[in-house]
Amino acid sequence: MKMKFLLILLLSFCFESVSSHFDPYGTLGVKRGATLQEIRKAYKLLAKEWHPDKSNNPSAQEEFVEINRAYELLRDPERRKLYDNRGISEDTPNFRPPRPEAYAYSTFDPFDDLSSVFGKGFRFQFHMPDSGLFHEQTITLKGYEKNVLPASARTPQLILTYSDWCMGCVRAAPMWKRLGEEMNPVGISMSTVHAGREPKLARNFGARTDSLPHLVLLMDGRIYQYRDETLSVINIIRFIREKFGTQLIPRVDDSNYEDFLNGWRDNRVRVLITGKAEVLRLRYLALAYQYRRFAAFGYARLIEGETTQIQDRYNIPSTMDSMFVFREEVDTPAAKLSMPDLPFSVMTDVLEANKYLLLPRISSQKILDELCPLDSSRVRRRLCVMLVAEEEDEDAQESLRKYAKVYRGPGKDRVGFVYVSKKGQQAFVQALIEADESMVKNPDRRLVIIWRRNLSSVSFLWIPGTWKRDEESENDGFAEDILPPWNSSQYELTAALKRLFSDDGNLPNETTMKELVDENAAGLLQRIYNRILILLESIKDRIRKEDLLAAVSVIATIVFIMAVAYVMAYLVSLEEETIQAKRSKATSPSSNSCASTASTATLQLKMHELRGETYNGMVRLLKPGCRTIVLLLDKETKAKILPVFHRIVWPYRKNKTLMFGWMYVERGLDWYKQLLSLALPLWEGNPDPQQLESINPRNCIGTILSLNGHRKYFCIYHAKHLEGQQRAAYAEAKNNGLRRRIGRSRGQKKER
């Protein structure tokens, strides 16, 4: 008894000594209520002081390890709270965290601080426990693009990004192992990515070195970011359920189950799952996602009063989960499965055997490849009996569906029955018609047997006549070796299949087949809309909380700049309107002061004086197509005729090919005489150019010159009298007999 007491006393003493030996606050030299910023600052200083590569102290290695242990404990809120309340840490004997996977993983790596202190070359000898599972599931970029990405169209993919220097990854390892035990039986794949070895793939997932471990869900090529702060099995399962959505398996009860089962005209079988649970099991969601192209799923919760008709009609056991697969026949399921716990593998086997209707529609190239696969061997060849009809022609479809259900002829396992829309696959049907010269132009309700020898070559045979509806027949039952000749068209089909599956059977026609049109493909606008939604959702997933403020700041800055630019443009436009209003008022004919008009006009339209200094800019160096309009005046008449000239040319101020100016006739008279000499023709009877020396400068006032310096030509305009006044003077002179006088005055004008 004394020995037991001593042993207990010794163990308790060891426990207290061990637990009291490790004091993280004392190790870092901070108070018990220190903030995370103070703890991090103290850690950096101590780590720099006691780093083994920087310190010569023999105990530097042990001190450095203690400093890291203390910092790791205090930087984690959950572990720090546990230590403060109960004095428990990982060094305490028999330490058992209640749920290690529920601890919030941190987005801070302590070795990043050490790298900032000692440089990027710092490496601490640290190995992750339980890291073998991460390395076993690691994928590369090539493996992701070749295997994981295509597989996401059928199977959801959970991908975790990790690294060797990630303390959060250490705590996530047990959780990841437990999650694998939950996900593998329900058809959800899991893989990992090493951020150091595959940086490009890690960036594609939005993972950063300061946010590891990083989890994403890959579904149908789309990446969904896991944003919960706590990395736990329960939260991950909730995250997967949210991404599956509620429309994948809608609820079914007595009020809508018939509409659900009769919806097979969308070319998909119906799968009805029943059970007592209120929440759908994850394996059912994964199964519906995998077979969403072939089947529509519904869930009926077995509740008295809501699903009583369903239970009575299909004899559903209330104590087990059940799965029913329906084709075109609503009364009888094609397959039934009832078990307390439906295994995922068993459900996939049942659906693989019943994922097509009895008479499916060929609506895309993928369905054609699955229902009429390629087979180049004549012995093992697979044939497809194809009905060319419209979707509305249900009588012909139902007749061929019944024939396919009871067919017992040769090659039963190597013949498939389908129908194709004449309008939906017009190019395919037209190719079959043109390759057979005996075929009529209207293929409506006609049967064709095809054999796909390779991707582009198709051998086929048209069955004579149109496919008829069922007719009355004396033979209601069929033996295993007797074919059912119900009517003439069915007899022709039976005989053709029997001949083709014999040794000498041959399909006489052959054509080249192009890829079929996807009838269920979205239109251009719908695809653009879907792309925009995916882009917005991707941006939303990739922006984290810490990045949100920066993104909002950038957007607010852009909006502010655009608003300021708009306001400035509006103010400038208002100012321009005010200036134009003032200009139009100043240049109006009602202006009383000629001098003020002249000064205002000079400010409104720049008019330069033509002289020796400005001659090159106004005449010689003009660009092609540009002209200079020059008014000849003197100092006495400038104030009177320049405002009139300005008012006349004002409407042409915005014409970039015109330049306006004026010239003092006294200063440029010699140049003007030389210009006129170039314009006088020198044929016989004309005055000599020397007569230009006697030009009176006063008679040149008001002359307009149009000069083109590039092409070296000019025009002259000079009006002595208005045209109406000249005609009136001529009429008055005629009445008074003064024609000779008018002629003499015109001769004087010509001499000038």
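This one's a predicted model, so the numbers in the text were calculated from it and none came from an experiment. Only this structure's heavy atoms are used, side chains among them; waters, hydrogens and symmetry mates stay out.
Ring pair Phe260/Phe326: centre-to-centre distance not below 6.0 Å. Taking the six-membered ring wherever Trp is involved, the centroid distance between the rings of His214 and Phe205 does not fall below 6.0 Å. For Tyr284 and Phe297, the distance between ring centers is not under 6.0 angstrom.
Contact of the Asn262 side chain with the Val330 side chain is registered, since non-hydrogen atoms from C-beta on lie closer than 4.5 Å. Taking 4.5 Å as the limit, every side-chain heavy atom of Leu447 sits out of range of all side-chain heavy atoms of Met386. At a threshold of 4.5 Å between non-hydrogen side-chain atoms, the residues Pro360 and Asn267 count as touching. Within the 4.5 Å cutoff, the side chain of Gln225 has no heavy atoms near those of the Leu217 side chain.
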Side chain to side chain contact (heavy atoms under 4.5 Å, CB included) for Ile450 and Val448? Distances and angles first, verdict last.
CA-CA 6 Å; Ile450 66 172; Val448 58; 4.0 Å; yes
Between Glu394 and Arg265, is the salt bridge (charged side-chain N to carboxylate O under 4.0 Å, His left out) condition met? List the steps.
CA-CA 10 Å; Glu394 297 182 1; Arg265 288 173 180 80; 3.5 Å; yes
After noting the C-alpha distance and the side-chain angles of Glu370 and Tyr356, does the key distance pass the side-chain hydrogen bond (donor to acceptor under 3.5 Å, both in side chains) rule?
CA-CA 10 Å; Glu370 293 171 356; Tyr356 293 112; 2.3 Å; yes
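Between the side chain of Gln365 and the backbone N or O of Glu515 there is no donor-acceptor pair closer than 3.5 Å. With Thr161 contributing its side chain and Ala202 its backbone, the two residues share no donor-acceptor pair below 3.5 Å.
Salt-bridge formation is detected for the pair Arg281/Asp341: a Lys NZ or Arg NE/NH1/NH2 atom is positioned less than 4.0 Å from an Asp or Glu carboxylate oxygen. Under a 4.0 Å N-O distance rule, the pair Arg401/Glu329 does not qualify as a salt bridge. With salt bridges taken as basic N to acidic carboxylate O contacts below 4.0 Å, one links Arg292 and Asp220. Ion pairing between a basic and an acidic side chain is recognised when a charged N comes within 4.0 Å of a carboxylate O; Glu258 and Arg313 show such pairing. Salt-bridge formation is not detected for the pair Lys142/Glu145: no Lys NZ or Arg NE/NH1/NH2 atom is positioned less than 4.0 Å from an Asp or Glu carboxylate oxygen. Note on Arg452 versus Asp369: salt bridge recorded, some NZ/NE/NH1/NH2 to OD/OE distance being below 4.0 Å.
Screening Thr155, Thr140, Leu201, Ile139 against Val148 for a side chain to side chain contact (heavy atoms under 4.5 Å, CB included) leaves a single residue, Ile139.
Because its NZ or CZ atom is both nearer than 6.0 Å to the ring centre of Trp451 and within 45° of the ring axis, Arg453 counts as a cation-pi partner of that residue.
Between the side chains of Glu198 and Tyr144, not a single donor N or O lies within less than 3.5 Å of an accepting N or O.
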Could you pull out all donor-acceptor pairs under 3.5 Å where a side-chain atom in residues 182-193 meets a protein atom, sequence neighbours excluded?
residue : atom : partner : partner atom : Å
Asn184  : ND2  : Gly180  : O            : 3.0
Thr192  : OG1  : Phe134  : O            : 2.6
Thr192  : OG1  : Gln137  : O            : 3.4
Thr192  : OG1  : Thr138  : N            : 3.2
Thr192  : OG1  : Thr138  : OG1          : 3.3

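When every heavy atom of Val388 is checked against every heavy atom of Lys422, the shortest pair comes out as CG1-CB, 4.0 Å.
Between Phe324 and Tyr314, the angle of the ring planes lies from 30° to 60°, which puts this pair in the tilted group.
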